[in-house]
Participant: 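Below you'll find the structure I mean.
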Amino acid sequence: MGKDIIADIITSIRNVDINRKGMVQVPFTNITKNTVQILLREGFIENVRKHRESGKNFLVLTLRYRRNSKGSYKTLFNLKRISTPGLRIYSNYQQIPKILGGMGIVILSTSRGIMTDREARLERIGGEVLCYIW
């Protein structure tokens, strides 16, 4: 049984967010690249760059924070893994859930690649529900 790459990304981002580090390094694969591009496009992360270390490629993500009126930093997003290797969750385009009434996004793995819930509804295709982000 292989590793759950999406869960590893989510856990890495959540751990870095809790420790207020601001930067996280994730392994470079096609799944991580496409997922990170969605996060960047939707405004959940600030910057992405490719890094090569000892023959392996990594993506270095810079998380986006907002400052409260009290001066403390607060994260912009929460992540939740839905479909796991032991229990795959699939949805057609009509039954894709809306997170916070459309304020959050659902990342799907479809036959046309990894995309958000809005893109999947526009193209009228369903797929595996990977994670929720709000």
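One is the number of the first residue; the rest follow in order along the sequence.
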Participant: Quick one: name the residues clustered hydrophobically with Met115, using the 4.5 Å side-chain heavy-atom rule over I, L, V, M, F, W, Y, and just say none if it's on its own.
Facilitator: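 Other cluster members: Ile125.
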Participant: Give, for atom CG of Leu108 and atom CD1 of Ile89, the distance between the pair rounded to the nearest 0.5 Å.
Facilitator: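 One gets 12.0 Å once the value is rounded to the nearest 0.5 Å.
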Participant: So, taking the atom named CD in Gln94 and the one named CZ in Arg124, what distance separates them when rounded to the nearest 0.5 Å?
Facilitator: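 Spacing of CD (Gln94) from CZ (Arg124) equals 7.0 Å.
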Participant: Keeping the roles fixed (side chain from Arg14, backbone from Val16), state whether a donor-acceptor pair exists under 3.5 Å.
Facilitator: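 Absent.
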Participant: List, by chain and number, the other hydrophobic cluster members for Met23, where Ile, Leu, Val, Met, Phe, Trp and Tyr join if side-chain heavy atoms come within less than 4.5 Å, directly or indirectly.
Facilitator: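 Besides Met23, the hydrophobic cluster comprises Val60, listed by chain and residue number.
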Participant: Under 3.5 Å, side chain of Arg121 to main-chain N/O of Ile96, donor-acceptor pair present?
Facilitator: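 Checked: pair present.
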Participant: Would you say Arg52's side chain and Phe58's backbone share a donor-acceptor pair under 3.5 angstrom?
Facilitator: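 It does not hold such a pair.
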Participant: Please examine the side chains of Arg41 and Thr116, heavy atoms only from C-beta on, and report whether any two atoms are closer than 4.5 Å.
Facilitator: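 Thr116 reaches Arg41 side chain to side chain.
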Participant: Taking the side chain as every heavy atom from C-beta outward, state whether Glu123 and Thr110 have any atom pair closer than 4.5 Å.
Facilitator: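 No. Closest side-chain heavy atoms not under 4.5 Å.
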Participant: Applying the side chain to side chain contact (heavy atoms under 4.5 Å, CB included) test to Val129, which of Ile82, Ile107, Asp117 qualifies?
Facilitator: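 Considering Ile82, Ile107, Asp117, a side chain to side chain contact (heavy atoms under 4.5 Å, CB included) with Val129 is found only for Ile82.
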Participant: Do the non-hydrogen side-chain atoms of His51 and Asn57 ever get within less than 4.5 Å of each other?
Facilitator: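 Of all side-chain heavy-atom pairs linking Asn57 with His51, none is under 4.5 Å.
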Participant: I'd like to know if the side chain of Gln95 and the backbone of Asn92 have a donor-acceptor N/O pair within less than 3.5 Å.
Facilitator: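 Checking the backbone N and O of Asn92 against the side chain of Gln95, no donor-acceptor pair under 3.5 Å is found.
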Participant: CZ of Phe44 to CG of Leu79: how many Å apart, nearest 0.5 Å?
Facilitator: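 Atom-to-atom, Phe44:CZ and Leu79:CG are 8.5 Å apart.
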Participant: Testing Asn78, Ile10, Leu39, Ile99 for side chain to side chain contact (heavy atoms under 4.5 Å, CB included) with Ile133, which one passes?
Facilitator: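 With Ile133 as partner, side chain to side chain contact (heavy atoms under 4.5 Å, CB included) holds for just one option, Leu39.
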Participant: Suppose the criterion is side-chain hydrogen bond (donor to acceptor under 3.5 Å, both in side chains): which pairs have a residue in residues 31-40, not counting sequence neighbours?
Facilitator: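 Found Thr29-Thr32.
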